[in-house]
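Worksheet: one structure, shown below.
Numbering of residues begins at 1 and proceeds along the displayed sequence. Note that these values count all heavy atoms, side chains included, but never hydrogens, waters or copies made by symmetry.
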Amino acid sequence: MNDTQYDKAKSPQQRQKLIAEVVVERRSLSAQELATMFDVSVMTVHRDLDELERQGVVRKYRGGVTAQPSGVFESNVSYRQKSMLNQKRAIAKHASRYVEPGMSIMLDDATTTAEMIPLLAELSPLRVATNYLEGMRQLSQLDGVGLMALGGDYDPLHDSFMGGTCLECIESLRVDAVFVSTSALSGLYAFHQEDRIVAVKRKMLEVAEKRYLLMDNSKLGKVALYRLVPLSDFDMIIVDSGTDSAALAELKRNNITCEVAE
């Protein structure tokens with residue numbers, strides 16, 4: 001993004017859209033930096049950030065703003081799509097080994113599991129259920145892959161569907177395997193910042209014969225507000241090669257099956 005693009009922000013809505021893009025790109029900035037970029041007052045920037053925080057796009061802190069997650073705040077999907085991308089692709093490739101032609105599988109709205117989608121055409125025929133809107137678009141283009149859309153209330157922060165209707169859709173199915181990710185893993189539990197997402201992931205785990213947890217190393221040793229499930233609920237955890245050896249040893253010590261994606 002360049003200065004010419006900043007100059008095009010004639011309305012508050014246009015400026016807020018560009019602010020969101022630059023915060024996602026740079027991860028964190030101060031209010032003063034944004035005021036200088038957009039040639040507006042710091043007070044105006046704070047009003048813009050208040051609106052973006054209300055929408056769940058960014059998170060304010062004293063003196064600045066960030067797109068990065070915290071224990072109670074999940075980063076938006078645009079930020080997560082760019083974060084730890086190589087690690088996510090390696091994990092997704094490893095996870096695809098556990099998908100065979102003729103299976104029915106379920107994917108959550110995580111950007112890690114989404115990296116499995118381009119690999120599925122070679123494993124067809126398959127039936128794939130997901131609540132992730134962009135995942136639905138991609139799956140609908142794959143030959144030999146039947147899409148089952150899990151609808152409900154659309155949430156733009158996660159680009160996915162959730163709520164009671166989504167839970168009912170999931171509950172009506174039984175699948176051979178589910179692949180999920182989450183924002184934090186600590187001790188013997190997986191965690192997430194939002195209870196509504198916890199409800200969807202738990203329901204997905206309930207309807208699957210095999211359960212796989214896909215986690216890049218930035219999420220290990222972290223906690224979030226809501227406990228998802230014990231790690232023992234998963235048949236396997238798949239991590240990337242940057243995972244700390246001590247973390248791997250702790251999983252092994254607690255009889256948690258874990259594989260490292262090279």
In terms of hydrophobic clustering (I, L, V, M, F, W, Y; side-chain heavy atoms under 4.5 Å; direct or indirect links), are [X] and [Y] co-clustered?
{"X": "Val200", "Y": "Leu205", "answer": "yes"}
{"X": "Leu142", "Y": "Val99", "answer": "yes"}
{"X": "Ile170", "Y": "Leu126", "answer": "no"}
{"X": "Leu120", "Y": "Leu133", "answer": "yes"}
{"X": "Met103", "Y": "Leu107", "answer": "yes"}

[X] to [Y] - nearest heavy-atom pair and separation:
{"X": "Asp153", "Y": "Gly163", "value": "OD2-CA, 4.3 Å"}
{"X": "Ala261", "Y": "His94", "value": "CB-CB, 3.6 Å"}
{"X": "Leu150", "Y": "Cys169", "value": "CD2-CB, 4.0 Å"}
{"X": "Leu34", "Y": "Ile19", "value": "CD1-CG2, 4.2 Å"}
{"X": "Val178", "Y": "Ala208", "value": "CG1-CB, 3.4 Å"}
{"X": "His46", "Y": "Ala31", "value": "NE2-CB, 3.7 Å"}

Does the side chain of [Y] come within less than 4.5 Å of [X]'s, by heavy atoms?
{"X": "Arg196", "Y": "Asp155", "value": "yes"}
{"X": "Arg15", "Y": "Thr44", "value": "yes"}
{"X": "Ser96", "Y": "Leu123", "value": "yes"}
{"X": "Val180", "Y": "Leu213", "value": "yes"}
{"X": "Leu188", "Y": "Pro230", "value": "no"}
{"X": "Met162", "Y": "Asp109", "value": "yes"}
{"X": "Leu231", "Y": "Asn254", "value": "no"}
{"X": "Leu248", "Y": "Cys258", "value": "yes"}

Nearest 0.5 Å please: distance from the [atom1] atom of [X] over to the [atom2] atom of [Y].
{"X": "Arg211", "Y": "Lys201", "atom1": "CZ", "atom2": "NZ", "result": "15.0 Å"}
{"X": "Met148", "Y": "Asn131", "atom1": "CE", "atom2": "CG", "result": "12.5 Å"}
{"X": "Ile105", "Y": "Lys210", "atom1": "CD1", "atom2": "NZ", "result": "15.0 Å"}
{"X": "Met215", "Y": "Ser183", "atom1": "CE", "atom2": "OG", "result": "7.0 Å"}
{"X": "Leu228", "Y": "His192", "atom1": "CG", "atom2": "NE2", "result": "8.5 Å"}
{"X": "Gln16", "Y": "Asp50", "atom1": "CD", "atom2": "CG", "result": "10.0 Å"}

Residue of the set Val223, Thr182, Val229, Val198 for which side chain to side chain contact (heavy atoms under 4.5 Å, CB included) holds with Phe191: Val223

Among Met136, Glu134, Gln138, the one residue meeting side chain to side chain contact (heavy atoms under 4.5 Å, CB included) with Ile117: Gln138

Distance under 6.0 Å and angle within 45° of ring axis: Arg227 vs Tyr189: yes

CA sep, side-chain torsions, deciding dist, call: Asp108, Tyr132, side-chain contact (heavy atoms from CB on, under 4.5 Å): CA-CA 7 Å; Asp108 68 357; Tyr132 180 37; over 6 Å; no

Within 6.0 angstrom of Asp195 CG, more than 12 heavy atoms from elsewhere: yes

Leu173/Arg127 under side-chain contact (heavy atoms from CB on, under 4.5 Å): CA gap, chis, key distance, verdict: CA-CA 11 Å; Leu173 301 173; Arg127 294 281 286 172; over 6 Å; no

side-chain contact (heavy atoms from CB on, under 4.5 Å) between Glu115 and Leu214, worked out: CA-CA 11 Å; Glu115 291 298 328; Leu214 283 51; over 6 Å; no

Donor-acceptor under 3.5 Å ([X] side chain, [Y] main chain):
{"X": "Asp240", "Y": "Asn217", "result": "yes"}
{"X": "Asp176", "Y": "Ser104", "result": "yes"}
{"X": "Asp244", "Y": "Ala246", "result": "yes"}

Modelled atom types, side-chain donor and acceptor of Ser140 and Arg137, under 3.5 Å: no

Short side-chain donor-acceptor distance under 3.5 Å, Lys88 and Ser181: no

CA sep, side-chain torsions, deciding dist, call: Lys219, Thr112, side-chain contact (heavy atoms from CB on, under 4.5 Å): CA-CA 12 Å; Lys219 301 172 180 177; Thr112 305; 3.7 Å; yes

Residues which pass ring pair (Phe, Tyr, Trp, His ring centres under 6.0 Å) with Phe161, listed by chain and number, not counting sequence neighbours: Tyr154

Ring geometry between Phe179 and Tyr212 (parallel below 30°, tilted from 30 to 60°, perpendicular above 60°): parallel

